[in-house]
Every structure is written in C-alpha cells, then in structure tokens.
Amino acid sequence: KKSDYNFDNIVLSETLRPHFTGLSSKAVLLLVDLIRKVGQNLPVKVLNHSQQVLLTLTKLRQNLSYQNLGLRFCVSI
C-alpha cells in the first residue's frame, strides 16, 4: 500500500509543511537534493530520498513515535 502521507502534498502546502517540517519548501527541497547526492549508494530500498527526508524532519519536528511514523510511511521501523 502506498502512503497517504504524500511528500508533494505536504511540501507544497503552506499549512502542512511548516507544521510537519518547520522549514520552507526551498529548504526541504535543498535537503532532498543533498541527500540524493550524498546518499546514492545507501541500501535503503523502501523509501525514496524525499520520503526519507520527510520522515526525518517529521520525527525531529513532531517527535512522533516510531510506530506512528511506520504507519504514516507504510514501513516497519
């Protein structure tokens, strides 16, 4: 099942993005670009780079439980 916690919907939203990430859309997209460049050989297969950044920023900003993040991103953490 694909996650309803959609990167594009959250990053492009002026209300959701600050709530979940605390950053501007430009800052989030810069982080994704950086992760793509430095994390090319990382063995993560389930989440793409955008989802990894969103998961990390959400954890840092919201301090959600790993179980909650697992449900949001449809992964086992």
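As the structure is a prediction and not an experimental result, all values here were calculated from the model.
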Taking the side chain as every heavy atom from C-beta outward, state whether L12 and R17 have any pair of such atoms under 4.5 Å apart.
no
Say whether, by atom type as modelled, one donor and one acceptor occur between the side chain of Q62 and the main chain of T21 under 3.5 angstrom.
no
Looking only at heavy atoms, the pair that brings P18 and S13 closest together is CD-O, 3.9 Å
If hydrophobic clusters are built from ILVMFWY residues whose side chains come within less than 4.5 Å, do F73 and Y66 share one?
yes
Give a yes or no answer on whether the side chain of K59 reaches the backbone of L64 with a donor-acceptor pair at less than 3.5 Å.
yes
Might you work through the side-chain contact (heavy atoms from CB on, under 4.5 Å) test for F20 and R61, ending with a clear yes or no?
CA-CA 6 Å; F20 288 110; R61 175 82 170 169; 5.9 Å; no
Compile the donor-acceptor pairs under 3.5 Å between side chains in residues 26-37 and protein atoms, sequence neighbours left out, one pair per line.
| unit_1 | atom_1 | unit_2 | atom_2 | d |
| --- | --- | --- | --- | --- |
| D33 | OD2 | K37 | NZ | 3.2 |
| R36 | NH2 | S50 | OG | 3.2 |

Got Q51 and V75 here, is their nearest side-chain heavy-atom distance under 4.5 Å?
no
Can you tell which of N6, I10, N48, L47 makes a side chain to side chain contact (heavy atoms under 4.5 Å, CB included) with L54?
I10
